[in-house]
Amino acid sequence: MNKNLFSLPDFTNNDSVFKELIALRRILHRTPETGFHEWKTMELLIDLIKDTQGTITFMPQETAQHLCTLIPKTDKPHKFLGTDVTVTGFKLTFNLDPQNKKVKKHLAIRSDIDGLSIPESSDPRHLPAKLGFNAVNGAMHACGHDGHMAIAIMSALWVNANLSLLYESDLSAISFIFQPAEEGCRGALAVIDSGFLQDIDLIYCYHLGLGVPSGYIVPCPSDFLASCKFTLEVLGKKSHAGHPELGINALKVTASFIEKALNLLDLKKGLYVNISNLHCEGACNVIPDHCFLEGEIRVLDEKNLDHLYFQIEKIIANESNAVPGSSYQLLKKGVGLGIRQDTALCKKVEHAAHKLKLNVMPHFKFNASEDASQLIRHLQKQGKQGCYFMIGSDIAAPHHNSSFDFDEKSLINGFNVIKELILSELP
């Protein structure tokens with residue numbers, strides 16, 4: 001990372017923090033990487049916090065083995081701070097109770113770190129292109145995760161600069177979890193498997209934009225969609241197109257599946273189905289023997305998720321049976337759940353927003369899926385707490401669009417809310 005582009009701010013000066021937040025966000029925006037491939041992103045993040053008094057923990061190699069259907073294999077481990085790492089993502093922990101005298105209360109802040117496989121717009125009307133910090137590697141931070149990381153890193157640097165103050169808090173520790181692969185709802189499963197949540201008592205997760213205007217905070221959004229991502233691979237047998245009876249047409253199975261699966265879409269019932277990334281290579285005079293696609297289902301009522309996936313399973317089984325000799329593999333690749341917010345934490349977010357004189361939006365329907373739901377659900381099953389809040393930010397184009405960009409003034413609001421949440425733990 002070019003150290004001339006970012007410097008540690010004066011944390012007593014809001015304008016200084018704001019300036020460096022923007023610089024940090026733009027550095028991260030240039031190097032987007034898709035889920036479980038965020039190696040350059042990790043280098044940038046670790047370079048920023050390696051000299052703090054926090055402890056960095058990496059994903060264990062066993063996580064790649066346990067989640068082998070979700071996590072791509074690496075040719076060789078990547079080396080970070082002398083450690084071999086095979087799964088992206090890490091945790092930074094500040095011990096606030098070196099004498100082990102406090103009642104345990106370990107707070108975590110979670111940030112997602114992945115981008116999307118969307119080429120970024122080069123239109124000069126697109127601010128990153130105009131100012132020269134747009135990505136040119138075929139991927140893009142088209143969902144604000146670069147902003148999420150900038151807020152988390154700045155918050156971690158603030159904690160490091162204020163440890164003597166925070167030693168007086170009711171917290172035993174503060175952790176910052178930098179999670180891979182939020183897109184596709186896969187990375188939270190790796191965080192859980194890694195043991196990163198083992199000692200966590202409460203977690204805050206957050207998101208920029210999504211229709212909430214700049215200057216607003218949503219302490220307690222509702223209506224998170226439960227979702228399931230899947231891949232489907234269909235196998236057949238090649239033959240000359242002039243003798244289709246000698247082949248087994250994988251595309252016929254796949255096309256019939258797609259038609260029937262998409263017919264499950266029912267907006268009135270809150271059932272969503274999408275198919276993408278269809279691959280079926282071959283010559284026009286050859287019966288195709290291999291097809292691959294990715295899909296997802298979403299539901300408003302989590303109770304319907306398993307039933308809708310059963311319908312998907314039933315369709316592909318029927319379509320494969322209709323073409324004798326064909327076979328298939330249907331795999332779940334990630335699951336998002338609904339979020340039941342912990343009211344006490346939402347109240348703290350609301351109080352922080354009021355203290356900062358930000359506008360509070362009491363009701364907002366999220367209407368999307370988020371794998372932070374897995375983290376929050378995991379903790380709540382153990383009697384612990386979680387909250388997911390939103391940081392308002394005007395956007396130049398919809399999320400997951402090549403011209404997506406957010407109002408950078410929202411970064412300082414996000415940082416200040418998290419700072420207030422941490423300070424609220426002081427006696």
* Asked: Which residue pairs satisfy the side chain to side chain donor-acceptor pair (under 3.5 Å) criterion with at least one member in residues 302-312, sequence neighbours excluded?
  -> Glu302-Arg377
* Any salt bridge (Lys or Arg N to Asp or Glu O under 4.0 Å) pairs touching residues 124-139, not counting sequence neighbours? -> Asp123-Arg125
* Check: Glu120/His141 side-chain N/O donor and acceptor closer than 3.5 Å -> no
* Side-chain touch Tyr167/Pro98, heavy atoms, less than 4.5 angstrom -> yes
* Among residues two or more places apart or on two chains, list those pairs meeting side chain to side chain donor-acceptor pair (under 3.5 Å) that have a residue in residues 410-427. => Asn14-Asn416, Lys105-Glu425, Lys348-Glu425, Lys355-Glu420, Ser393-Ser410
* Please confirm whether the backbone N or O of Arg30 pairs with a side-chain atom of Asn134, one donor and one acceptor, at under 3.5 Å? => no
* To do: Verify salt bridge (charged side-chain N to carboxylate O under 4.0 Å, His left out) between Asp84 and Lys79, making sure each step is shown before the conclusion.
  => CA-CA 5 Å; Asp84 287 338; Lys79 188 78 74 173; 2.8 Å; yes
* Are side-chain heavy atoms of Pro32 and Asn137 found at a separation under 4.5 Å? -> yes
* Structure fact -> Tightest non-hydrogen contact, residues Thr93 and Ala173, listed as CG2-CB, 4.2 Å
* Asked: Who passes ring-ring contact (aromatic ring centres under 6.0 Å, His included) against Tyr388, sequence neighbours left out?
  -> Phe224, Phe366
* Return the orientation label for the His207 and His148 ring planes: parallel under 30°, perpendicular over 60°, tilted otherwise. => perpendicular
* Asked: So, do Leu107 and Tyr204 sit near enough that their side-chain heavy atoms are less than 4.5 Å apart?
  -> yes
* Please state whether the rings of His78 and Phe80 are parallel, tilted or perpendicular, taking 30° and 60° as the class boundaries. => parallel
* Under 3.5 Å side-chain donor-acceptor pair for His378 and Gln374 -> no
* To do: Kindly state each residue pair satisfying side chain to side chain donor-acceptor pair (under 3.5 Å) with at least one member in residues 55-64, sequence neighbours excluded.
  => Thr63-Asp193
* **Backbone of Val253 reached by a side-chain donor or acceptor of Ser256 within 3.5 Å** => no
* **4.5 Å side-chain heavy-atom contact, Trp39 and Thr41** => no
Side-chain donor-acceptor pairs of residues 16-23 under 3.5 Å, sequence neighbours excluded:
residue : atom : partner : partner atom : Å
Ser16   : OG   : Asp10   : N            : 3.0
Glu20   : OE1  : Ser7    : N            : 3.0
Glu20   : OE2  : Ser7    : OG           : 3.3

* Do the non-hydrogen side-chain atoms of Asp112 and Phe178 ever get within less than 4.5 Å of each other? -> no
* Asked: Any side-chain heavy-atom pair from Tyr216 and Val360 closer than 4.5 angstrom?
  -> no
* Verify, without hydrogens or angle tests, whether Gln382 (side chain) and Lys384 (backbone) share a donor-acceptor contact under 3.5 angstrom. => no
* **Among Leu166, Asn162, Thr52, the one residue meeting side-chain contact (heavy atoms from CB on, under 4.5 Å) with Phe94** => Thr52
* Any side-chain heavy atom of Asn367 within less than 4.5 Å of one from Leu300? -> yes
* Residue pair Thr254 / Cys291: nearest heavy atoms and the distance that separates them -> OG1-CB, 3.2 Å
* Structure fact -> Those residues at least two apart in sequence (or on a different chain) that pass side chain to side chain donor-acceptor pair (under 3.5 Å) with His354 are none
* **Donor on one side chain, acceptor on other, His399 and Asn401, under 3.5 Å** => no
* To do: Please confirm whether the backbone N or O of Pro9 pairs with a side-chain atom of Asn13, one donor and one acceptor, at under 3.5 Å?
  => no
* Look at the side chain of Asp114 and the backbone N and O of Glu183, then say whether any donor-acceptor pair between them is shorter than 3.5 Å. => yes
Donor-acceptor list for residues 225-235 side chains, cut-off 3.5 Å, not counting sequence neighbours:
residue : atom : partner : partner atom : Å
Ser227  : OG   : Ser369  : OG           : 3.2
Lys229  : NZ   : Glu296  : OE1          : 2.4
Glu233  : OE2  : His290  : NE2          : 2.7

* Asked: Phe196: what forms a ring-ring contact (aromatic ring centres under 6.0 Å, His included) with it, not counting sequence neighbours?
  -> none
* Asked: Under 3.5 Å, side chain of Asp342 to main-chain N/O of Gly386, donor-acceptor pair present?
  -> yes
* To do: Count the heavy atoms of every other residue, nucleotide or ligand shown that sit under 6.0 Å from CD of Glu43, and state whether that count exceeds 12.
  => yes
* Structure fact -> By ring-ring contact (aromatic ring centres under 6.0 Å, His included), His106 pairs with (sequence neighbours left out) none
* To do: Report yes or no: does Glu38 contribute a side-chain atom to a donor-acceptor pair with the main-chain N or O of Gly89 at less than 3.5 Å?
  => no
* Structure fact -> Asp199 meets the salt bridge (Lys or Arg N to Asp or Glu O under 4.0 Å) criterion, sequence neighbours left out, with Lys104
* Can a salt bridge be assigned to the pair Lys40 and Glu33 using a cut-off of 4.0 Å between side-chain N and carboxylate O? -> no
* With distance as the sole test, does Asp394 use its side chain to make a donor-acceptor pair with the main-chain N or O of Asp407 at under 3.5 Å? -> no
* Less than 4.5 Å apart, any side-chain heavy atom of Arg110 and any of Glu182? -> yes
* Residues that Tyr272 engages under ring-ring contact (aromatic ring centres under 6.0 Å, His included), provided they are two or more places apart -> none
* Does one side chain, of Asp201 or Gln385, offer a donor that lies under 3.5 Å from an acceptor on the other? -> no
